[in-house]
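First up is the structure itself, then whatever we jot down about it.
Protein chains get the first letters and strands the later ones, always in sequence-line order, with residue 1 at the start of each. It should be emphasised that the depicted structure is a prediction, and the values quoted were computed from it without experimental measurement.
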Protein chains: 2
Amino acid sequence: MARRIGIKDVAAAAGVSVTTVSHILNGVEGKRASVETRQRVMRIAEELGYAPNGLARGLRLQRSQSIGFISDEVATSPNAGRIILGAQEAAAEQGVLLLLVNTGGDDELERRGIETLLQRQVDGVLYAAMYHRVVQVPKNLRSTPTVLVDARSDDLTVPSVVPDEVQGGYTAVRHLIDHGHRRIGLMVLGEDIPARHGRTDGYRTALAEVGVPFDPALVVAESTEILGTVWGDVAAGYRAARRLLTSGQRPTALFCFNDRMAAGAYRAAAELGLSIPDDLSVVGFDNQELVSEAIYPALSTVQLPHYEMGVRAVTQLLALTGTLEGTVTQEMLPCPLVARASVAPPPRL
Amino acid sequence: MARRIGIKDVAAAAGVSVTTVSHILNGVEGKRASVETRQRVMRIAEELGYAPNGLARGLRLQRSQSIGFISDEVATSPNAGRIILGAQEAAAEQGVLLLLVNTGGDDELERRGIETLLQRQVDGVLYAAMYHRVVQVPKNLRSTPTVLVDARSDDLTVPSVVPDEVQGGYTAVRHLIDHGHRRIGLMVLGEDIPARHGRTDGYRTALAEVGVPFDPALVVAESTEILGTVWGDVAAGYRAARRLLTSGQRPTALFCFNDRMAAGAYRAAAELGLSIPDDLSVVGFDNQELVSEAIYPALSTVQLPHYEMGVRAVTQLLALTGTLEGTVTQEMLPCPLVARASVAPPPRL
DNA sequence: TCTGGTTGGCCAATCGATTTGCCAACCGCG
DNA sequence: CGCGGTTGGCAAATCGATTGGCCAACCAGA
């Protein structure tokens, strides 16, 4: 493992001092070098394949060019991995790398993880949640530039990037309305989280726009609790859909809290002899391609902007640290509709 | 943003030199300090919340305590994120952090990514592929400790961790055989990759064990090409299953290359009026929970050991760098069966 | 008292870069 | 010729830790 070549090697090979090499390679103003020297140094640095030692540079500059990415379970939740992807790519564009820490939701692990990141002199931290929720910024992060991802803080001064749940819900329901539906069931998670309230608000807004009064009987909350965590899974979707579809006035369309619950709705519909989309239209949320394309007919759904959240979060963080221009705020990103095959006009009576 | 406190601050507060502080905190042998001094220094370090500057330490020790994780698309492929998770957790256990680079399969990005990692003085690199395949170790990684994850090299000296495809295929088919099936269809991807050959071998071995001769008519290769990449998607599974199920001697069970193809098989079966598992048993591969639980009945499948691959890869890498004990080899990890509801005895004739 | 060994701890070099301050050479001009 | 102003470049300090070498104090034994 041949020793990596350092600035000294370049200086020696070029017959100048390390100072000069540094000045030239960093394009320092005011400290000019003759064109000839400059070219020679650059050529030799190139030939030798010189690259500055990141640790030494970081030590001197007090900037490590790396940011911490700390999350509870992001790496676990399928689509959420795209947050990391977006963050990584946006960071790489500025020569910044991501230092990954996953806590599994354990507070002690989180505390230690943050300590480790700070010890590595990260320039800032992205604090990401597995699903959109309100969080407290950990104490030991207070004095470090931090941006929340898929999470928001009560403290309005803490920048964050989250999906626009209201717009997402509105878009989904509007899509159904545009196909002629007026009696639309809403299946939500039985949990007090922003996604539930936001999407419900969007649902109400879209209906109100076309003069359909809100009917509480069309809203069903269901969830499955496993090991203390509440899930909107296939089983929950199945139960919710059964309740809605066997009630007095059957809705002609369902807006489901997520794609897995939509899969449950598919099953309930099949059992009841309802064909999708002819007898029943369905819209999901999340756009988990694995689900939405595995079920038949392919599911029309609303996409969470995971990749974009990662990008925006990094952009905000780098703005915070002065690497990039830009403003820093609590930001909401739109959730676009992905139309597939589960929506059609309501059946003729 | 109060300056982090350094070793000097501790030394000053304790009234000793930085040397002594360093010796005490690192438990250096041979350089003793009086019990009294030792306790005082430790107490003060604790009180001040001292943590050594990772950059400075790394610079001096020529060890950054971080390893690079470079991959083509891992962050994109859902379950594969669990590789990262396993790697991260195994690394964190040794105080090592992961530096993430995603190349999207672009060679130039890969080259630059590796350069950046080396520049950061990573102690080693994990080179991960999105799906099990044979790769060349990039030139600029040759002189750095490297372990391949979900990928293998022709060069047998390069350590790697991959799933045991043969055992996985064997396990799946054996599961069907144990339920009484003898006429088992195999749906593979139309690509020349280790997974296809390994799983096919496992299929043949399991059948041979019970004296069933290999019937080429029961093996169908299908795939969908999108933008130059070959996928085993729902559509491919649908086509493959239709071919198998409408052929002369219909199989009583299907072993599908992956869960998405299995989802396609579900659809083909439904169209042909075949009920799963009563008329037809199905086993998938990958255990992508989103798929296997979204379809009905829930899919019995074989799990790829992503998390474990991440763990083992880090363990091997740390063994390679001398941080941990252990041997370094080309390693295969077992793929366990996850039995759900898609397998039953074959229908009585 | 002298010697040799142990104890406790400090000085200064080192890792590899950046940056401040300074100096010498050279230029043109009065 | 002497002077101020530019140009080109170097020496050394600095970032925050680790570590080899060294020294003073103390003690016991001769």
With a 3.5 Å distance limit and no angle check, can you tell me whether [X] reaches the backbone of [Y] through a side-chain donor-acceptor pair?
X	Y	answer
A/Ser22	A/Thr20	no
A/Glu331	A/Pro159	no
A/Gln316	A/Thr329	yes
B/Thr103	B/Ser71	yes
A/Thr116	A/Arg112	yes
A/Thr315	A/Val311	yes

Indicate yes or no: at least one non-hydrogen side-chain atom of [X] is less than 4.5 angstrom from one of [Y].
X	Y	value
B/Arg120	B/Ser66	no
A/Gln65	A/Leu97	no
B/Ile24	B/Val16	no
B/Leu117	B/Val101	yes

Can you check the [X] [atom1] to [N] [atom2] distance for me, whole Å?
X	N	atom1	atom2	answer
A/Arg63	C/dA17	CZ	C1'	13 Å
A/Arg4	C/dA17	CZ	C1'	14 Å
A/Asn26	C/dG16	CG	C1'	13 Å
B/Gln65	D/dA17	CD	P	15 Å
A/Ile24	D/dC10	CD1	C1'	13 Å
A/Lys8	C/dT18	NZ	P	13 Å
A/Gln119	D/dA17	CD	C1'	11 Å
B/Ile7	C/dC11	CD1	P	14 Å

Proximity to DNA chain C (any heavy atom under 4.0 Å), residues of residues 33-45 of chain B only |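 Contacts with DNA chain C under 4.0 Å: B/Ala33, B/Ser34, B/Thr37.
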Within residues 48-56 of chain B, those residues having any heavy atom closer than 4.0 Å to DNA chain C are none
Dump the pairs, protein N or O against N or O of nucleotides 20-24 of chain D, anything under 3.5 Å, distances to one decimal.
from   : atom 1 : to      : atom 2 : distance (Å)
D/dG21 : N7     : B/Lys31 : NZ     : 3.4
D/dG21 : O6     : B/Lys31 : NZ     : 2.9

Does A/Leu48 have any side-chain contact (heavy atoms from CB on, under 4.5 Å) partners at least two apart in sequence or in another chain, and if so, which?
-> A/Ile5, A/Val10, A/Ala13, A/Ile44
Sorted by chain and number, sequence neighbours left out, side-chain contact (heavy atoms from CB on, under 4.5 Å) with B/Val134 holds for B/Arg152, B/Asp154, B/Pro194
Base C/dT14 paired with B/Arg60 side chain (donor-acceptor, <3.5 Å) = yes
Can you pull out how bent the helix from C/dT1-D/dA30 to C/dG30-D/dC1 is, comparing the axes over its first five and last five pairs, to 10°?
->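 Between the first-five-pair axis and the last-five-pair axis there is 70°.
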What nucleic acid atoms does A/Leu59 come within less than 4.0 Å of, heavy atoms only: base, sugar-phosphate, or nothing?
-> base
Check every strand shown and say whether B/Val28 touches a base, only sugar-phosphate, or nothing at a heavy-atom separation below 4.0 Å.
->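 Counting heavy atoms under 4.0 Å across all strands, no contact is made by B/Val28.
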SB check B/Glu46 B/Arg43 (cutoff 4.0 Å) = no
Salt bridge present between B/Arg133 and B/Asp72 (N-O < 4.0 angstrom) = yes
Taking only N and O in the side chain of A/Gln62, is any of them less than 4.0 Å away from OP1 or OP2 of D/dG16?
-> yes
Whichever of B/Thr20 and B/Leu61 has its nearest DNA chain C nucleotide further upstream toward 5' =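 On the 5' side of the pair lies B/Thr20.
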